[in-house]
Visitor: 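Sharing a structure below in structure tokens format, with a few things to ask.
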Amino acid sequence: MAAFTDRLGTMEAEGSASRQGSSGVEVVLPPDPATPAPLCPHGPTLLFVKVSQGKEETRRFYACSACRDRKDCNFFQWEDEKLSGARLAAREALNRRCQPPLSRVQCVERYVKFIELPLSQRKFCQTCQQLLLPDDWEKHCEHQALGDISIAQLKRPSQLLYPLENKKTHAQYLFADRSCQFLVDLLSTLGFRRVLCVGTPRLHELIRLKASGDKKSNMKSLLLDIDFRYSQFYMEDSFCHYNMFNHHFFDGQAALAVCRTFLQEDKGEGVIMVTDPPFGGLVEPLAVTFKKLIAMWKEGQSQDNKELPIFWIFPYFFESRICQFFPSFCMLDYQVDYDNHALYKHGKTGRKQSPVRIFTNIPPNKIILPVEEGYRFCPLCQRYVSLENQHCEHCNFCTSKDGRKWNHCFLCKKCVKPSWIHCSICNHCALPDHSCKGSKDGCFICGELDHKRGTCPRISTSKKVNKAVRKQKQRKSNKMKMETTKGQSMNHTSVTRKKKRRERAHQYLCS
Ligand code: SAH
Ligand code: ZN
Ligand code: ZN
Ligand code: ZN
Ligand code: ZN
């Protein structure tokens, strides 16, 4: 997807110039098994197609599955492009050069040496994000290093490492303590003994901390993550360097076997998969990957009518996309909070409520949400919901998705966001300041009349998310602007304008 964002950028520029070149990039799944995708340093690439004005262009291309920024991986190849032997060789050399400097086995050897060192010799280079053995000190002497690394610190690598901040590719949003504790307690209440953590390093670490501190808890965890830095802290059986967009194990068959053994232990009983993928990621390739992990678990099953229990943590506005791929999933009302994400904090503190939810195939009546965090049981829906989420007698459901009270519209025959009103021109509910103009023309992208551009099934999800993220950034900067002007009185019109802008951004996120 490296080429992809660049291309998206270009396409958007084109789009705004002509105001009709609105286009997206879609992933083509599943690619023809007879023609394996070329490899980039992140494993098999994905096949993409550019879609403009609802028409697929005929020329498809391969790009990196994991990176959406050209700076991180600039792989690009037309589907029908023939590469010369020299170029193929150069590519293979590059792929080899881009692999982590140490093998998985070497990392484990280093770790074992490290924990045997006396405290005073245990150093961590913050510049290189690396544990140092005495032999390495000289090379890092100009770098910023932490000394006296305790065993307790080694057990919490997510606090020692900087969260990766690359906006587009590997942005890491770590769970706030409250949410992480809630998840671990929930997993243990539900009786799980093994947790496959896909992109959830902090959950992995808390499960292991609890297991080592408490004899009763014997929960095991295996982390699969693309962040190679974690391999310094875990043995082979508790971390695999993995790409969840193409189910690629960087350390080959040995790592794949670790994952398979973990899933199939105890005939596959007592295991759950928990995943918190980057939100900018495409839903389709993730769904394909999770189906592969499910299949791996199923190989070891005796009866095949059961499903692998899954928690997929993702923003609520992906509900229909996720349920499209996993019809048995439902969305819990629990708001997942993050440490390093200013926007995604729990509502009760007065800040913006987190839009991130848990999607699961576990019956929601089995999942107790904490009353002290503002959840209640709805006997009619047979599930826990947030206090503000009221049961609508017409819809016969607790309809709110975003934690606010929604209102029933009798004309639309459904509940809608509190900020929406029914528009007789558009014949559905919308924000008061929406423009009715577009409605007659239907969708901006495909021309269909029953939906708008924002919900167009043809537009790539990632593009919507990119948009959403941009809007969020805008909202954040608005907020900062508002905070810097605090104390000065702000005139009413500018406040309403900002509020409207924020609501529009919100609408985009939620539509
Ligand atoms: N909330 C989680 C972290 C989620 S952030 C926690 O606190 O444990 C997303 C995670 O997915 C990060 O750890 C990141 O390294 C990982 N990730 C990002 N892209 C990935 C990919 N292509 N394959 C596997 N893991 C990926
Ligand atoms: Zn260093
Ligand atoms: Zn209703
Ligand atoms: Zn309405
Ligand atoms: Zn459309």
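Atoms within each ligand, like the ligands themselves, are counted from 1 in listed order.
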Visitor: Determine whether more than 12 heavy atoms belonging to other residues, nucleotides or ligands lie under 6.0 Å from atom NZ of K291.
Guide: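 Enclosed.
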Visitor: Between Q144 and T127, do the side chains contain a donor N or O and an acceptor N or O under 3.5 Å apart?
Guide: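 Not at all, the side chains of T127 and Q144 share no donor-acceptor pair under 3.5 Å.
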Visitor: Using a strict 4.0 Å cut-off to heavy atoms of Y242, name the atoms of ligand 1 that fall inside it.
Guide: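 In order of number, 23 (N), 24 (C).
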Visitor: Which is closest to atom 16 (C) of ligand 1 by heavy-atom distance: D339, D225, L206, L161?
Guide: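 Of the listed residues, D225 has the closest heavy atom.
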Visitor: Does any N, O or S atom of C423, backbone or side chain, fall under 2.8 Å from the Zn ion (ligand 4)?
Guide: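 C423 does not place any N, O or S atom closer than 2.8 Å to the Zn ion (ligand 4).
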Visitor: Run the numbers for me: atoms of ligand 1, each under 4.0 Å from some heavy atom of N243, listed by number.
Guide: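 Here the atoms of ligand 1 in question are 21 (C), 22 (N), 23 (N).
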Visitor: Of all the N, O or S atoms in H140, which has the shortest distance to the Zn ion (ligand 2)?
Guide: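 Output for this pair reads ND1.
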Visitor: Pairing donors with acceptors under 3.5 angstrom, does anything connect the side chains of H391 and N396?
Guide: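 Yes.
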Visitor: Taking NZ, NE, NH1 and NH2 as the nitrogens, is one of them in K155 or E205 under 4.0 Å from a carboxylate oxygen of the other?
Guide: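 Answer for the salt bridge query: no.
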Visitor: Answer yes if the side chains of Q172 and D227 hold a donor-acceptor pair under 3.5 Å, and no otherwise.
Guide: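 Short answer, yes.
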Visitor: Could you tell me which N, O or S atom of H422 is nearest to the Zn ion (ligand 4)?
Guide: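 Closest N, O or S atom of H422 to the Zn ion (ligand 4): ND1.
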Visitor: To the nearest 10 degrees, calculate the angle at the Zn ion (ligand 2) involving SG of C125 and ND1 of H143.
Guide: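 The two atoms form an angle at the metal of about 110°.
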Visitor: From C412, does some N, O or S atom reach closer than 2.8 Å to the Zn ion (ligand 4)?
Guide: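 So C412 counts as coordinating the Zn ion (ligand 4), yes.
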Visitor: Do NZ/NE/NH1/NH2 and the carboxylate oxygens of D337 and R178 come within less than 4.0 Å?
Guide: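 R178 and D337: salt-bridged.
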Visitor: Report yes if some heavy atom in the side chain of T360 is under 4.5 Å from a heavy atom in the side chain of I310; otherwise report no.
Guide: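 SC-SC contact between T360 and I310 ruled out.
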Visitor: Show me which atoms of ligand 1 lie under 4.0 Å from any heavy atom of L203.
Guide: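 Here the atoms of ligand 1 in question are 8 (O).
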Visitor: Going by the angle between their ring planes, with limits at 30° and 60°, are Y173 and Y338 parallel, tilted or perpendicular?
Guide: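 Rings of Y173 and Y338: perpendicular, as their planes differ by over 60°.
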Visitor: Please confirm whether Y338 comes within less than 3.5 Å of ligand 1 when only nitrogen or oxygen atoms on both sides are compared.
Guide: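 In fact, backbone or side chain, Y338 has no N or O that close.
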Visitor: Provide the number and element of each atom of ligand 1 under 4.0 Å from a heavy atom of Y173.
Guide: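 Near Y173, the atoms of ligand 1 are 1 (N), 2 (C), 3 (C), 4 (C), 5 (S), 7 (O).
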Visitor: Is L224 close to ligand 1, meaning an N/O of one under 3.5 Å from an N/O of the other?
Guide: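 No.
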Visitor: Relative to atom 18 (C) of ligand 1, which among C180, P278, G199, A66 owns the nearest non-hydrogen atom?
Guide: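 Going through C180, P278, G199, A66 one by one, P278 has the nearest heavy atom to atom 18 (C) of ligand 1.
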Visitor: Under 3.5 Å between some N or O of ligand 1 and some N or O of F175?
Guide: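 Looking only at distances, the answer is yes, because the N/O contact criterion of under 3.5 Å is met.
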Visitor: How about H394 and F410: are their ring centroids closer than 6.0 Å?
Guide: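 Aromatic pair counts; centres sit under 6.0 Å.
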Visitor: Is it the case that H241 and Y230 place a side-chain donor and acceptor less than 3.5 Å from each other?
Guide: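 No - no donor-acceptor pair under 3.5 Å links their side chains.
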Visitor: Show the atoms of ligand 1 that are less than 4.0 angstrom away from any heavy atom in D227.
Guide: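 Result: 15 (O).
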Visitor: Centroid-to-centroid, Y334 to F182, below 6.0 Å?
Guide: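 That pair passes the under 6.0 Å test.
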Visitor: If you count the atoms of ligand 1 from 1 in the order shown, which ones are under 4.0 Å from a heavy atom of I226?
Guide: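 Listed by number with element, the hits are 17 (N), 18 (C), 19 (N), 20 (C), 21 (C), 22 (N), 23 (N), 24 (C), 25 (N), 26 (C).
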Visitor: Any nitrogen or oxygen of F245, side chain or backbone, less than 3.5 Å from one on ligand 1?
Guide: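 Such a contact does not occur with ligand 1.
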Visitor: Pull out every atom of ligand 1 sitting under 4.0 Å from any heavy atom of L174, numbered as shown with elements.
Guide: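 By the 4.0 Å cutoff, the relevant atoms are 7 (O).
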